[in-house]
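See below for the structure under consideration.
If you read the sequence from its start, that first residue is 1, and numbering goes on from there.
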Amino acid sequence: MQQTLRPGCPQTVLGRRHVLPCTLPKTQTRTVASLARPAARALSRKAAAHLPIASRRFGPSTVSRRALQVVNYVAEHAPVAYSDLVLGVPKETFQGEKRVAITPTVVKTLLKAGFKEIRVEKGAGEASEFTDDEYAAAGATIVDHAASFKSDIVLKIRPPSLEEADMLKERAKLVSYIYPSRNQELVDKLKAKKATVVGMDCIPRTLSRAQTFDSLSSMANIAGYRAVIEAAHHFGRFFTGQITAAGKVPPAKVLVIGGGVAGLAAIGCAKSMGAIVRVFDTREAVREQAKSMGAEFLTVDIEESGEGQGGYAKEMSKEFIEAEMKLFAEQCKEVDIIISTALIPGKKAPLLILPEFVDSMKPGSVLVDLAAEAGGNIGYTQPNEVVKTPKGQVVIGYTDLPSRLPTQSSTLYSNNISKFLLSMGPFTTGKKDEFVIDYDDDAVRGALVLDEGEMRWPAPAAPAPAAQPAPPKAKEEAKGPKDLYASTLQGALTTTGAAAATLAIGAVSPNPVFSSMLTKFGLASICGYQTVWGVTPALHSPLMSVTNAISGLTAVGGMVLAGGGVIPGNAAQGLAALAVVASAVNIGGGFTITQRMLDMFKRPDDPIEHNNLYAIPGAALLAGWAVGRYMGIDEVTSATYLVSSALCIAAIACLSKQESARTGNALGLIGVSGGVVATLGGLNTDPGTYAQVIASLAAGGLVGNQIASRINITDLPQMVAAYHSLVGLAAAVTSIAN
């Protein structure tokens, strides 16, 4: 980054990397980013020798003084090798704080990266279950409180106290939570120390690269989880519903207000404990996230987007707030637990659950207010206290929820801050062993609060993206009917090629049986392609499950080869019985899995279906076949096979769309049942073999149904694949038996 500077320049932001108070004469143009600290200091010492003669005789001129200021500034802001830097990790002194900024594992990582020394205060990690011996074994130096602050870079979690700020070295660097908007006195104290301060709370959360450094999300995740644990501790009943010999226990109903990181963590924890979870958020994006986790998403009648800056919700209109307050009043009468996470950056937390709402809840209900530190969302909230209301509700206002899981939160924060530290410089300079406060790095610039005592927060707004060039105007099509000659010719030639290839295969066919099989294969392939093409992605697994169940018609082969009476008489008949059982498992399990998957996608506002009415055509098919057989009409069996095949094809076609998927499952069941019954009726075998086949079908179908009904919903896709292997087993053993 070269800058050509002129005498008498005002204070200007030059380039993106550094903020320079002035500029050098053109003859002293340098590539600032390439200046190492020793070289810059040498330039500073020698600069006087190059001052104009008038300056040396009568004193430095204004231009020369400005030039020296620039050189000194560059010396202070040049990249610093890790090997010249000492890191300090003090013990957190905020009351009740148990976390530590870095763990022994991260100490090893930073020392391996090349840092000169890491000073950890004695006992800094004890509350987080990290001993001094572990830090020492990792390579850290155990020091006292004052020595940890006399480091080049100090790493903390909570903002330092005013006394701790006084303990920092002159021009030291501090990486910590700062909250500059509400800690003006602390910021002034750090200014006086000419400190460079990077706020972990100021990292731009919308920057995709910065997600690795986003400790606010890490801590919010823990806070949401811990909020549910605290609620469960104070709640007098189970979260999950139970039916016991002593009676039925209903599941707890949990309302989560706010679907950010903390809210989603609370949803996941409460659902895993068996509660019924409801969620309210003003942002539409939260709807699908909440539903995917099994929660009910609550809405109000007023349509208004709550999307705000930085991933937070915005402040809503008066009409919307009135509607949501009405909703909260109704929900308070129904739910057992409320976890509120609603915050708007830089503002007092909105009051959402009024005292009268709390009073309307059942005695023993629990409310956890994650916004307690900013004033709270709940009327009875007292920061850092548990309040028992006059009517028996419990309101928890802890502000240190992440600290109540100190080992986990320290581990995550340590990963965030260390990765951020190791990116300061290497991300833009490309050198992995140098540290620099680099204005080219959007993450660093956004988090920079003070630079050598100069206020740099808030960061300037990101430049607006360059306007996209206007798309080229489409050529106006000629008026009149469109000529389809080219596309029609292409289709005609493709059809000609396919017909010629088929005729060629027929010409070299060895016998009529091969030609017959080729015809069936071709028609089946075309039919399958046309029915499956365009299926909704969400229905891929249900479609595979139904095709598996239909493939269970391999049972027909085993049924034809069955024999020996009630017990198979030889190995071939035993293999045939095995094929029938395996196929029946696939049929019973396949249709059950499909139904469970489709029920998982069912929405409350879906139309009311009556697919049980398809029992009417199923019964008509079987009755028609039975009457035809009784009257001696042999061809009725072939007709039954045709209807069954058509129903199976229709079932696959219906599974391509959500609105017809359940109908498809019903049609498939009718089709498979018709084919199996028609085959069973045409066996013309002894009663013992009939009993064997029916028992095999019943046993296999029952086993398949029970397995599919009991398996976890998340394991259903794997079970589809497992059932598919049974089709191959049935086909193989049938071939061997034959």
Side-chain angles (χ1 to χ4, degrees), residues 220 222-244 246-260 262-281 286-287 289-291 293-300 324-342 349-372 376-382 385-398 401 404-405 604:
I222 294 173
Y225 173 87
R226 182 69 190 197
V228 178
I229 302 301
E230 294 290 342
H233 175 67
H234 288 86
F235 189 54
R237 295 196 287 106
F238 292 140
F239 264 47
T240 185
Q242 292 189 5
I243 299 177
T244 69
K248 181 179 179 181
V249 179
K253 295 178 181 178
V254 178
L255 171 62
V256 178
I257 301 176
L264 293 175
I267 294 169
C269 184
K271 283 296 294 183
S272 68
M273 294 174 68
I276 297 172
V277 182
R278 302 170 182 176
V279 186
F280 178 82
D281 197 287
V286 176
R287 179 192 296 269
Q289 293 174 311
K291 287 189 173 182
M293 300 178 74
E296 178 188 354
F297 189 78
L298 303 178
T299 59
V300 295
E324 74 175 1
M325 295 297 277
K326 180 181 178 182
L327 173 68
F328 294 152
E330 295 171 353
Q331 289 296 314
C332 284
K333 297 174 183 178
E334 299 180 17
V335 301
D336 304 297
I337 294 168
I338 295 178
I339 297 174
S340 184
T341 70
L351 182 60
L352 302 178
I353 307 297
L354 302 178
E356 53 265 35
F357 295 178
V358 179
D359 293 339
S360 70
M361 297 180 71
K362 295 183 284 289
S365 298
V366 181
L367 302 92
V368 186
D369 195 342
L370 271 68
N377 301 140
I378 300 169
Y380 284 103
T381 296
Q382 294 294 327
E385 292 185 16
V386 177
V387 177
K388 189 74 174 279
T389 70
K391 295 194 175 181
Q393 297 84 10
V394 178
V395 181
I396 301 173
Y398 293 145
L401 288 171
R404 290 172 181 264
L405 284 174

Using modelled atom types only, decide if a donor and an acceptor are shared between the side chain of [X] and the backbone of [Y] within a distance under 3.5 Å.
| X | Y | value |
| --- | --- | --- |
| Gln393 | Met361 | yes |
| Arg287 | Thr299 | no |
| Thr341 | Gly258 | yes |
| Lys271 | Met293 | no |

Taking every non-hydrogen atom, the tightest pair across [X] and [Y]:
| X | Y | result |
| --- | --- | --- |
| Pro250 | Lys248 | CD-O, 3.8 Å |
| Ala349 | Ala342 | CB-O, 4.1 Å |
| Val279 | Ala295 | CG2-CB, 3.6 Å |
| Gly274 | Pro251 | O-CB, 3.8 Å |
| Asp281 | Gly260 | OD2-N, 4.2 Å |
| Phe235 | Ala252 | CE2-CB, 3.8 Å |

(request) Verify the neighbour count for atom CZ of Phe297: are there more than 12 heavy atoms of other residues, nucleotides or ligands below 6.0 Å? (result)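 Above 12, so yes.
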(request) Inspect the surroundings of CZ in Phe328 and state if more than 12 heavy atoms from other residues, nucleotides or ligands are less than 6.0 Å away. (result)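 Buried by this count: over 12 neighbours within 6.0 Å.
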Working to the nearest 0.5 Å, report the span between [atom1] of [X] and [atom2] of [Y].
| X | Y | atom1 | atom2 | answer |
| --- | --- | --- | --- | --- |
| Lys253 | Ile337 | NZ | CD1 | 12.5 Å |
| His234 | Ile396 | NE2 | CD1 | 4.5 Å |
| Tyr380 | Leu354 | OH | CG | 10.5 Å |
| Asn377 | Ile339 | CG | CD1 | 12.5 Å |
| Arg226 | His233 | CZ | NE2 | 9.0 Å |
| Phe357 | Glu330 | CZ | CD | 9.5 Å |

(request) Hey, could you give me each pair passing salt bridge (Lys or Arg N to Asp or Glu O under 4.0 Å) that has a residue in residues 356-370? Not counting sequence neighbours. (result)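 For residues 356-370, and leaving out neighbouring residues, the salt bridge (Lys or Arg N to Asp or Glu O under 4.0 Å) pairs sorted by first residue read Asp336-Lys362.
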(request) Begin from the C-alpha positions of Gln331 and Ile338 and carry the test side chain to side chain contact (heavy atoms under 4.5 Å, CB included) through to its verdict. (result) CA-CA 9 Å; Gln331 289 296 314; Ile338 295 178; over 6 Å; no
(message) Consider side-chain contact (heavy atoms from CB on, under 4.5 Å). Of Ile257, Ile353, Leu255, Val256, which one does Ser340 pass it with?
(response)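 With Ser340 as partner, Ile257, Ile353, Leu255, Val256 yield a single side-chain contact (heavy atoms from CB on, under 4.5 Å), made by Ile257.
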(request) Check whether any side-chain heavy atom of Val386 lies under 4.5 Å from a side-chain heavy atom of Tyr398, and answer yes or no. (result)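 Yes, at least one pair of side-chain atoms sits under 4.5 Å.
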For residues 262-269, run the donor-acceptor check on the side chains, cut-off 3.5 Å, and write out each pair with its distance to 0.1 Å, sequence neighbours left out.
none

(request) Only counting residues at least two apart or in another chain, list the ones meeting salt bridge (Lys or Arg N to Asp or Glu O under 4.0 Å) with Glu385. (result)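 For Glu385, no residue satisfies salt bridge (Lys or Arg N to Asp or Glu O under 4.0 Å) once neighbours in sequence are set aside.
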